[in-house]
Each structure stands twice: as structure tokens, then as C-alpha cells.
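Data block below; observations after.
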Number of protein chains: 2
Amino acid sequence: MLSRIEDMATLSRKQREIAQRHQLFLDIARNLINKEGCAAVSMDHLAELSEYSRGTVYQHFPCKEEVLIEVCNSSMSYLLSLFERARAIPHSNRDRILAVMVAHNYFDLRQPHCNKILQYTSDNSIMDKVSEANLQQHNKLEKSLLLVVSSIVGEALKTKELTMPKDLTAIELVFGLWSLNHGSQLLQAAELHLDEFGITQPEETIARVVAATLDGLNWKPLYDAKKHKAMMQWLKDTVFVDPQMADDAEEI
Amino acid sequence: MLSRIEDMATLSRKQREIAQRHQLFLDIARNLINKEGCAAVSMDHLAELSEYSRGTVYQHFPCKEEVLIEVCNSSMSYLLSLFERARAIPHSNRDRILAVMVAHNYFDLRQPHCNKILQYTSDNSIMDKVSEANLQQHNKLEKSLLLVVSSIVGEALKTKELTMPKDLTAIELVFGLWSLNHGSQLLQAAELHLDEFGITQPEETIARVVAATLDGLNWKPLYDAKKHKAMMQWLKDTVFVDPQMADDAEEI
DNA sequence: TCATTTTTTGACATGTTGTCTAGAATTGAG
DNA sequence: CTCAATTCTAGACAACATGTCAAAAAATGA
């Protein structure tokens, strides 16, 4: 990860070139994943498309898996920034939960490769090829994402908007919400033809189901169809709106 | 799919041998997936472990993807039978929903390879290599699974145990429940170390979250901690209990 | 200018995929 | 029981991917 803007000034011309090339490889990989899936990412391919040789690619990444996890991590840190934006909205904590859901959906629409990589690498034999450093960064990012949701729930407990029942802890609720969101996004990405079943707006549907869940836990303020709809609209139109069709947090 | 018991009698000795060998390859593949992941499944490997030659393996499967989807389909039809067993319990429809969740969890514990395959094959370039027939069977199985849940919700609507609110349809609720379950199982299977966060019994947690969701929709009878716990216990001890450590619906 | 260091290259060994042909085994007619 | 026809099996092959390495090329600096 040598490609951050603030580092650029302190690096020599040569080092900047290397960092730039590193980013080029990542960009090519991301495109490949979006267009043809993870299986299409090969060192050969990367070399060919970048017009460098295989050896040069191996200078940057010890193996294909390392490419994938770096692309994934860079997207996830962008997702984290979206989550933090969601947490910061000046509304009830319930609405903040909603905002996180919208953020996640916004992200998955624009960065479909991230889930693809996560699924591809969930296979046993793949994740244990990547470097310790990137793996740790990956875990840290995942934990940070959960912590954002967790902190919103914690805040709601503090303000008494929510009181946990005896047989469910705050972190368990977070796990439930996370599962719901994660599951729906994978189902959306899968070749399930949800519309054939009558699911035309999965995002709205999940938001509604989350609302039912929070109602079931008596998280105040309870669901109000009109306000819910208005909030969703506001989030989509104002908070999570393409800045400039940016497709990654990392820019050079 | 020539390996069903009832067909055996009508086949010649040679045909039986072939069917048996077909099953042998599938069994080896399943073991490989469980132990080392989908990436470890190779035609070479299959040939070596079965002590047949590569050519023979290709006689049975045109490609590796075909092996994977056949293993997956065979497991999914077992899952369908579990779902149907869940639907048949002599209790409220709410409890039947719970039973489906327990069934799904029971299944994923015993057949972890099924989710692994689904994740592995979600990559664009993989699913479009499999034969039309197997792909259709796969879609049909997926649809059947959803229909079981859907029919339980339909039954609850008929008996007025549940009334859908204006802004949520029955099928959307099914999608929500499906997402929740699917998501939680993938998160359990991932290398997330849920216990570090304080999630020691993900299955119980998700059942509790589902209960909250159904409460939020006012699906009667509402959640009662004691009865819920008893029902979970009964399902796990009585309904979904290893018959004989069977590890697949297909037996020879 | 040229020696030193670094970067880049492509050939190589190894392993996988899917095809294809020659040889082995099985079958059934005489 | 024999032998030709048919079917099945084995493994060689070309194509491609991976990761390594030594030689060639380029950059650096006295």
C-alpha cells in the first residue's frame, strides 16, 4: 500500500512510478473481475493487459490471491467510509441503522467485485496463500465495519431508544442485521432472477424487513411507513449519491 | 442421475458399474471439497484417487464444473426433503418457519460442501460451463426450497395467524427470511471467528432474530421465550437428529 | 564514460485442462 | 468356443497457468 497521495511527495520518481504501476495492476484486476469474474484474473492476463512482462507482475504480487485481497481491501476501506457517513447523519439511531443498509447497498451496486472476491476466496485453500499483513488488514476492516453498526446499537441503548430483551445481546442483534444484509446482497448477485418471484426492489424489501425486526424489539421510534419511505428517499438522493461516478476510494 | 435405487434392477451389470463409478467420483469430490475446498477438485486428482485414468473421468463429466454442480444438486435435494419434514410438523406455522431454519442449519453443519460450491460457482465464468440440464435442475431445486417457505407463509395468511402489512408482500417476507438465514450461514462458514465477538451460538441467535422479525409483523402466536426454547430443543432433539450419520440423501 | 546497482524480461519446470487415438475389454453371433 | 464388432479405458498431446531464476536492459552516479 504505497499508493496514498500523501506519500507521493516523499518518494522518488522511480518509487512513484512503481506505486503507479501497482495501482495499474489493481485497476486492471478489478476490471477483469467485474467483467469476467475472479477466475479470469491470471498473472499472464495481468501482464498482457498492462503490457509489462510476467516477471514484473510477480515483482508486485507473489501470487494471484494477493492481487485479489488487495483489490478487496481497498474497496472495503471505501465501504468503511460510507458506513461512517451513515453513522453521522443527524437522525435517530434507528435511522442510522437504515442508513448503513442503504450504504451497503450503494456500495455493492458500484463495487460488485468486492463480494465476488469474498466469495471466491472463501474457499479453504485460497485465503491461506495471502500475506499475513494483508490478511490482518482484511480482518481489521471487517471488524471495523461491524463496530460501526455495533456503536449505533450501543448509542440507542444509552438513549433508551432500545432496550435489549434478556435473551438477545447487542452484538447478537448486530450479527442478525449483518446476516440479513449480507445474505440479501449475495442473493441479489446470484443468478436467481428474483424479479421472477416478485422481488423487484430487494433493497426496499430488506429495509422493510429490518424495520419489522427492530419493531419486534421495540426499538423506538417504531416503524411509520411514510417517514420510512421519506428517509429512504433522502438517503438515496442526498447522502449516498455518486460524487462523480467515483468507482473507488483510492485515487491517484 | 442414473444412480437411484429403483433404477438399479432395470440396468445391466455394466450400466450398474458405471452408475456406481459415477457415484464414486461424486463421493471423492465431496470429500475433497470438505477437506481442501473446491479449488482442490481437479480431474487429475479425481482420477488418481479413484484409481481410474483421466480419460475415464472425462467419460462421466465434461468438466470440473459439472462435477461440482452434481455434488451440489444431490445435496440440495436432500435439503429439500429436510424442508418438507419441517413443514410437516404438527405445530403453528410460525413454528414451521422456525423448523425450516433449524433444518437449514442442520444441513449446513453436515453438508458444508454445498455452500462452498455455491460460493465458488457464483463466479461469472464458472456457472456457464455446466450443462443446461444440471443448471435447470439446480434452479428448480432452489425454487422448490423457496416454495416450501412460501407455502408456510401462505398457510399462515389463510389461517389469519399472519396478516401482511400493505407495504410488504408474502414473497418479500420469504426473501427476507431467506437472506437472513443464508447470510448467517455464510458468515458462520467464513473465517470470522464469531466467538471472539461474543456470538457463541449463531443458530440460536438467528432463530431469536427471526422471532423478533415475525413479532414485528405481528405473526401469531407472538414470541414466548420459554415456548421458543422448548420448540428449538424439540426440533433439534427429535425432528432433526442424525438417522445414522447419513451424509447424503443418495445412497446406493 | 563506464562500473555498479536495480529493474525487466522471457525461458523453464511443474501442474491442469480438455481432446483424441490406439489398445484393452466386453459382447454376441456363428 | 472363436472371433469380429462394439464399447470402454488409458495415457499422450497441445494449450495454458503458475512461480522461479539467470541473463539482458536500463538507470544511477562517480
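Please read these numbers as outputs of a predicted model, since none were measured by experiment. By convention in this document, chain letters (A, B, ...) are assigned in the order of the sequence lines, proteins followed by strands, and residues within each chain are numbered from 1.
Between the P atom of C/dT7 and the CD atom of A/Glu51 lies a distance of 21 Å, rounded to the nearest Å. A/His60 places its NE2 atom 18 Å from the C1' atom of D/dT18, with the value rounded to the nearest Å. The nearest whole Å value for the distance from the OH atom in B/Tyr52 to the C1' atom in D/dA10 is 13 Å. Atom P of nucleotide C/dA24 and atom CD of B/Gln59 are separated by 18 Å, given to the nearest angstrom. For the pair A/Glu66 CD and D/dT18 C1', the interatomic distance rounds to 15 Å; values are reported in whole Å. Between the CZ atom of B/Phe61 and the P atom of C/dT19 there is a distance of 15 Å, given to the nearest Å.
Cation-pi geometry between A/Arg85 and A/Phe240 is not satisfied (NZ or CZ under 6.0 Å from the ring centre, within 45° of the ring normal).
Ring planes of A/Trp178 and A/His104: tilted class, angle from 30 to 60°. Ring planes of A/His22 and A/Phe61: tilted class, angle from 30 to 60°.
In this structure, the side chain of A/Arg87 does not engage the main chain of A/Phe83 through any donor-acceptor pair within 3.5 Å. B/Asp123 contributes a side-chain N or O that, together with a main-chain N or O of A/Cys38, makes up a donor-acceptor pair within less than 3.5 Å.
Listed by first and then second residue, the salt bridge (Lys or Arg N to Asp or Glu O under 4.0 Å) pairs that reach into residues 31-44 of chain A are A/Asp44-A/Arg54, sequence neighbours excluded.
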When you compare the protein's N or O atoms with those of nucleotides 15-18 of chain C, which come within less than 3.5 Å of each other, and at what distance?
unit_1, atom_1, unit_2, atom_2, d
C/dT16, OP2, B/Asp44, OD2, 3.3
C/dT17, OP2, B/Met43, N, 3.1
C/dG18, OP2, B/Tyr58, OH, 3.2
C/dG18, N7, B/Arg54, NH2, 2.5
C/dG18, O6, B/Arg54, NH2, 3.0

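Regarding contacts with the backbone of C/dT8, every side-chain N or O of A/Thr56 stays at 4.0 angstrom or more from both OP1 and OP2.
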